[in-house]
Q: 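First, the structure itself, so that you have it in front of you.
We count residues from 1, following the sequence as given. Just so we're clear, the structure is a prediction, and the values are computed from it rather than from any experiment.
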Amino acid sequence: QVQLVESGGGLVQAGGSLRLSCAASGRTFSDYAMGWFRQAPGKEREFVAAITRNSGRTDYADSVKGRFTISRDNAKNTVYLQMNSLNPEDAAGYYCAADRRFDWSASIFPREYDYWGQGTQVTVSS
């Protein structure tokens, strides 16, 4: 089992920044590719960003490219999502997820992730 706990959400004005963190425990963190997903009320959960086990590759949804940055610190068992230039369309619950991998890839599909956190809410005021 892997336990994931997100933090760092909150209320921010449009154009502002937030940094989300996701602390993992329970298994060897570096065995897992990590992803961030978000879900707004009435909408499906959508991919935001993913990072491979060794940080060798990152992927982003088109809607966040150039504004969001995913990173991880395997020594601290933590994955981060730096979010800049936030706009009201970014408001959602943000969830981190872990996917056990035996290669150096990271999926953009929620169904491939094994463990999920409880989420942290991001609200953006216009």
Q: What are the two closest non-hydrogen atoms of Asp59 and Ala106, and how far apart are they?
A: OD2-O, 4.2 Å
Q: Would you confirm whether Ser30, through its side chain, and Asn74, through its main-chain N or O, come within 3.5 Å as a donor-acceptor pair?
A: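 The answer is no, because no donor-acceptor pair under 3.5 Å joins these two groups.
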Q: Give me the atom names and distance for the closest heavy-atom approach of Gln3 to Gly26.
A: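 Closest pair (atom of Gln3, atom of Gly26, distance): OE1-CA, 3.8 Å.
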Q: Do the non-hydrogen side-chain atoms of Glu6 and Leu20 ever get within less than 4.5 Å of each other?
A: no
Q: Out of curiosity, Ser63 OG to Asp90 CG, how far, rounded to the nearest 0.5 Å?
A: 7.0 Å
Q: List the atom of Gly16, the atom of Val12, and the distance in Å for their closest heavy-atom pair.
A: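 Taking every non-hydrogen atom into account, CA-CG2, 3.8 Å.
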Q: What are the two closest heavy atoms between Val124 and Gln13, and how far apart are they?
A: CG1-C, 4.1 Å
Q: Distance from Arg72 atom CZ to Thr58 atom OG1, nearest 0.5 Å?
A: 12.0 Å
Q: Can you say whether the rings of Tyr113 and Phe37 are parallel (under 30°), tilted (30 to 60°) or perpendicular (over 60°)?
A: perpendicular
Q: Using side chain to side chain contact (heavy atoms under 4.5 Å, CB included), reason through Arg53 and Asp31 one step at a time and then give a plain yes or no.
A: CA-CA 6 Å; Arg53 293 165 52 197; Asp31 286 344; 3.9 Å; yes
Q: Is it true that a side-chain atom of Asn54 and a backbone atom of Trp104 form a donor plus acceptor pair closer than 3.5 Å?
A: no
Q: Quick check: is Leu4 connected to Tyr95 through a chain of hydrophobic side chains (ILVMFWY, heavy atoms under 4.5 Å apart)?
A: no
Q: Side chains of Val79 and Phe29: does their closest heavy-atom pair fall under 4.5 Å?
A: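 Side chain of Val79 against side chain of Phe29, heavy atoms only: contact under 4.5 Å found.
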Q: Under a 4.5 Å cut-off applied to non-hydrogen side-chain atoms, are Asn87 and Arg67 in contact?
A: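 A side-chain contact under 4.5 Å exists here.
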Q: Check whether Val2 and Ile70 end up in the same hydrophobic cluster, where Ile, Leu, Val, Met, Phe, Trp and Tyr are linked by side-chain heavy atoms less than 4.5 Å apart.
A: yes
Q: Report yes if some heavy atom in the side chain of Phe68 is under 4.5 Å from a heavy atom in the side chain of Leu86; otherwise report no.
A: yes
Q: State the OG-CE distance between Ser71 and Met34, to the nearest 0.5 angstrom.
A: 11.5 Å
Q: With a 4.5 Å heavy-atom cut-off, do Ser105 and Arg57 have their side chains touching?
A: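 Not in contact.
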Q: Is there side-chain contact between Trp36 and Arg38, with heavy atoms separated by less than 4.5 Å?
A: no
Q: Restricting to non-hydrogen atoms, name the atom on Leu18 and the atom on Gly8 that form the minimum distance, rounded to 0.1 Å.
A: CD2-O, 3.8 Å
Q: For the hydrophobic clusters of this structure (ILVMFWY residues joined by side-chain heavy atoms under 4.5 Å, transitively), does one cluster hold both Tyr60 and Val122?
A: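 Result: yes, single cluster for both.
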Q: Measure the spacing between OG of Ser7 and CZ of Arg19 and express it to the nearest 0.5 Å.
A: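 Interatomic distance, Ser7 OG to Arg19 CZ, rounded to 0.5 Å: 9.5 Å.
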Q: What distance do Glu46 atom CD and Gln39 atom CD have between them, rounded to the nearest 0.5 Å?
A: 9.5 Å
Q: Looking at every non-hydrogen atom in both residues, tell me the closest pair between Ala14 and Pro88 and how far apart they are.
A: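 Distance-wise, the nearest heavy atoms are CB-CD, 4.3 Å.
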Q: Under 4.5 Å between side-chain heavy atoms, hopping through other hydrophobics if needed: is there a path connecting Tyr115 to Phe47?
A: no
Q: Can you confirm whether more than 12 heavy atoms, excluding those of Gln121, are under 6.0 Å from its CD atom?
A: yes
Q: Nearest 0.5 Å, what's the CG-OH distance between Asp73 and Tyr80?
A: 5.0 Å
